[in-house]
There are 2 protein chains.
Amino acid sequence: MTDRSVIVVAIMLRLSRSRKTPTRRASRRKRAVEAARAAAVPASASRKVRTAERRDAILSAALDEFSTRGFEAARLDDVARRAGVAKGTIYLYFRDKESLFQELIRAMLTPLVGTIEALGEAELPLPALADRIVELFVREVYETRRKDVIRLMISEGRRFPKLAEFYYREVLERIISAVRSLLRRAAARGEVPEGLAEFPQIIAAPGLVAIIWSGLFERFEPLDVRKMMKTHVELLFAPRRAT
Amino acid sequence: MTDRSVIVVAIMLRLSRSRKTPTRRASRRKRAVEAARAAAVPASASRKVRTAERRDAILSAALDEFSTRGFEAARLDDVARRAGVAKGTIYLYFRDKESLFQELIRAMLTPLVGTIEALGEAELPLPALADRIVELFVREVYETRRKDVIRLMISEGRRFPKLAEFYYREVLERIISAVRSLLRRAAARGEVPEGLAEFPQIIAAPGLVAIIWSGLFERFEPLDVRKMMKTHVELLFAPRRAT
DNA sequence: CTAGATAATGACTGACCGGTCAGTCATAGT
DNA sequence: ACTATGACTGACCGGTCAGTCATTATCTAG
């Protein structure tokens, strides 16, 4: 999703948020759609720009619908309404429902790789590293819609083996090997225990738990993600007595 | 799911596994169903026993179907076929699809609470405790169909707030408070750091990651759960230098 | 201004599936 | 042996929704 259009999309979402009963009042719907489109796309915008914005609007709407209803239960009609677009339009931008889903995950998660690889390059002293890891997760994932995308990947990934493979090859594998080499270098300096480098997943584990928790149990018992992750990495990185 | 019927169910699953195209050949289907039933329930079995076994067979079949297709996409027709039963029969045992799902989770996860609370009571020395935690997870969850149920809860829980609440109140909350008081006592003795008791989720985090991983990425990169969990708890419980 | 090109629409279709219920038949009771 | 019972069946119904395509709107080049 291009940054440029985030605000635009936000406006659209507000406009089309109110739930409607599924009556077939075409005229009322038409007005709503026109209002949404007017807000989203100034008449002056060139075709190229409009096209990109529509794509983004559809992706953004799809994320909302998939997140709240799940992939199967989400209706493309609702995605279209939310995006201020007719259902047929979705098929001008995406081959089918499934490839819409794939594009969504591709677009949101791929950029993470660079960010984390950059973190691996910088040779930071341990306590600073701990902070950076926590802040990066909280700011770039947890406080972002990426949280929802990851939740989606966790929930639905199993039924899309192709997508799982793409995600593993293009995202996970790279992140893991970046973190692993980072940990190995720190271990060589005696800063972190050897075992940790074998399972970089351990570093991320509380982050994933927080994502799952926020979707299921937040309303019963809120969870301070930043504090949990801080506690965790500090325990892992803490200097220990020689055995 | 009663233990007694596990083998029976396994046999049934084998018998009804072969996929059929959805032709309407009633007679062929009928024979298959009868064969399955004959294998599952000896004619001599009393009505009560048969009833319990059918319930279990349906739950077992539902777990398979829900696990592989997801709740929405799973067809009750397939659950029935897998259980060697007609679709209507399901409705004699469960009110609807959703309550079948709820019963499944209820039945499989509730027993865990007692086991873990017992672990909390026993005052074990630290290294033994670490081992017990790991073994308990691996043997009672990871190598069990409970793994699939938890995966299901993670994937679908969001769309069943009632179920999420039940699970939180009856399972999670109890487990968390048991583990927390265990950790607090250990912290008081200076055996584990204070911060850990505030976030018992941290202990379980790698286990959850392993469950997710096994569903999505096992085929690309297998993960040694036991070793990862062992590494993790030992890092957390390791004696550390005074700061 | 207009014609031709391109984009967007939304009514429609056909497949699909949860849930129902009238009818069947194995079993229990006498 | 002969019912009475209720467990079980599966064809069917109604609603839903992904995907299509004939029609309409919008844009742009000349």
Side-chain angles (χ1 to χ4, degrees), chain A residues 21-34 36-38 40-55 57-58 62 65-66 69-81 83-101, chain B residues 21-34 36-38 40-55 57-58 62 65-66 69-81 83-101:
Chain A
T21 52
T23 52
R24 297 275 149 188
R25 315 295 271 116
S27 63
R28 200 198 304 166
R29 178 126 109 253
K30 197 157 195 173
R31 259 186 285 123
V33 166
E34 272 158 13
R37 181 151 66 243
V41 183
S44 63
S46 79
R47 254 185 178 175
K48 257 233 184 95
V49 172
R50 283 185 48 148
T51 292
E53 279 171 353
R54 289 230 140 155
R55 214 186 115 93
I58 292 168
E65 291 295 330
F66 288 160
R69 322 283 260 231
F71 175 80
E72 286 279 348
R75 277 161 290 170
L76 251 17
D77 262 321
D78 289 343
V79 173
R81 184 147 53 246
V85 136
K87 185 161 65 152
T89 307
I90 293 175
Y91 287 85
L92 300 176
Y93 291 86
F94 304 95
R95 201 174 55 267
D96 55 16
K97 196 185 181 186
E98 186 170 330
S99 84
L100 169 60
F101 182 60
Chain B
T21 53
T23 54
R24 296 274 150 189
R25 317 294 271 117
S27 62
R28 199 199 304 164
R29 179 125 109 254
K30 197 158 198 173
R31 260 187 284 122
V33 167
E34 271 157 13
R37 181 153 65 243
V41 183
S44 64
S46 77
R47 244 165 157 143
K48 255 233 184 95
V49 172
R50 283 185 46 151
T51 292
E53 280 171 351
R54 290 233 136 151
R55 213 187 116 92
I58 293 169
E65 291 295 330
F66 288 160
R69 321 284 260 231
F71 176 80
E72 285 280 348
R75 277 162 290 169
L76 251 15
D77 263 322
D78 288 343
V79 173
R81 184 145 55 246
V85 136
K87 186 162 65 154
T89 308
I90 293 174
Y91 288 85
L92 299 176
Y93 291 87
F94 304 94
R95 198 172 57 266
D96 55 16
K97 198 185 182 188
E98 187 170 330
S99 86
L100 169 59
F101 183 60

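Here is how names work: the chains are called A, B, and so on, in the same order as the sequence lines, proteins then strands, and each is numbered from 1.
- Atom NZ in Lys87(B) sits roughly 16 Å away from atom C1' in dA22(C) (whole-Å rounding).
- Distances were taken from every side-chain heavy atom of Leu76(B) (C-beta onward) to each of dG19(C), dA18(D), dC8(D); the shortest belongs to dG19(C).
- Atom CZ of Phe66(A) and atom P of dC17(D) are 13 Å apart (whole Å).
- Nucleotide dG10(C) holds its C1' atom 12 Å from the CD1 atom of Ile90(A), rounded to whole Å.
- Rounded to an integer number of Å, the gap from Glu53(B) CD to dC8(D) P is 12 Å.
- The phosphate of dC27(D) (OP1 or OP2) has a side-chain N or O of Arg50(A) nearer than 4.0 angstrom.
- In this structure, CD1 on Ile58(B) lies 9.5 Å from CG on Leu76(B), to the nearest 0.5 angstrom.
- Phe94(B) comes within contact range of no nucleotide atom at all, as no heavy-atom separation falls under 4.0 Å.
- In terms of position along DNA chain D, the nucleotide closest to Thr89(B) lies nearer the 5' end than the nucleotide closest to the other residue of the pair Thr89(B) and Ala73(A).
- What you find for Gly84(A) and Arg54(A) is that their closest heavy atoms are O-NH2, 4.3 Å.
- Contact annotation: Tyr91(B) does not reach the phosphate of dC8(D) (side-chain N/O to OP1 or OP2, under 4.0 Å).
- Between Phe101(B) and Phe66(B), the two ring planes are perpendicular [angle over 60°; tilted spans 30° to 60°].
- Here the side chain of Thr89(A) pairs no donor or acceptor atom with the backbone of Val85(A) at under 3.5 angstrom.
- Here the C1' atom of nucleotide dG10(C) and the CG atom of Asp77(A) are 9 Å apart, to the nearest Å.
- A pairwise comparison of heavy atoms in Lys97(A) and Ala74(A) identifies NZ-O, 2.9 Å as the closest pair.
- Whole-Å rounding puts the Tyr93(B) OH to dT9(D) C1' distance at 13 Å.
- When heavy atoms are screened at a 4.0 angstrom cut-off, Ala74(B) is found touching the sugar-phosphate backbone but no base atom.
- Of the candidates dA18(D), dC8(D), dT9(C), dA18(D) carries the atom nearest the Lys97(A) side chain, counting heavy atoms from C-beta on.
- For the pair Leu92(A) CG and dT9(C) C1', the computed distance is 9 Å after rounding to whole Å.
- Look at Arg54(B) and you'll find a side-chain N or O under 4.0 angstrom from OP1 or OP2 of dC8(D).
- Nucleotide dT20(D) holds its C1' atom 16 Å from the CZ atom of Arg95(A), rounded to whole Å.
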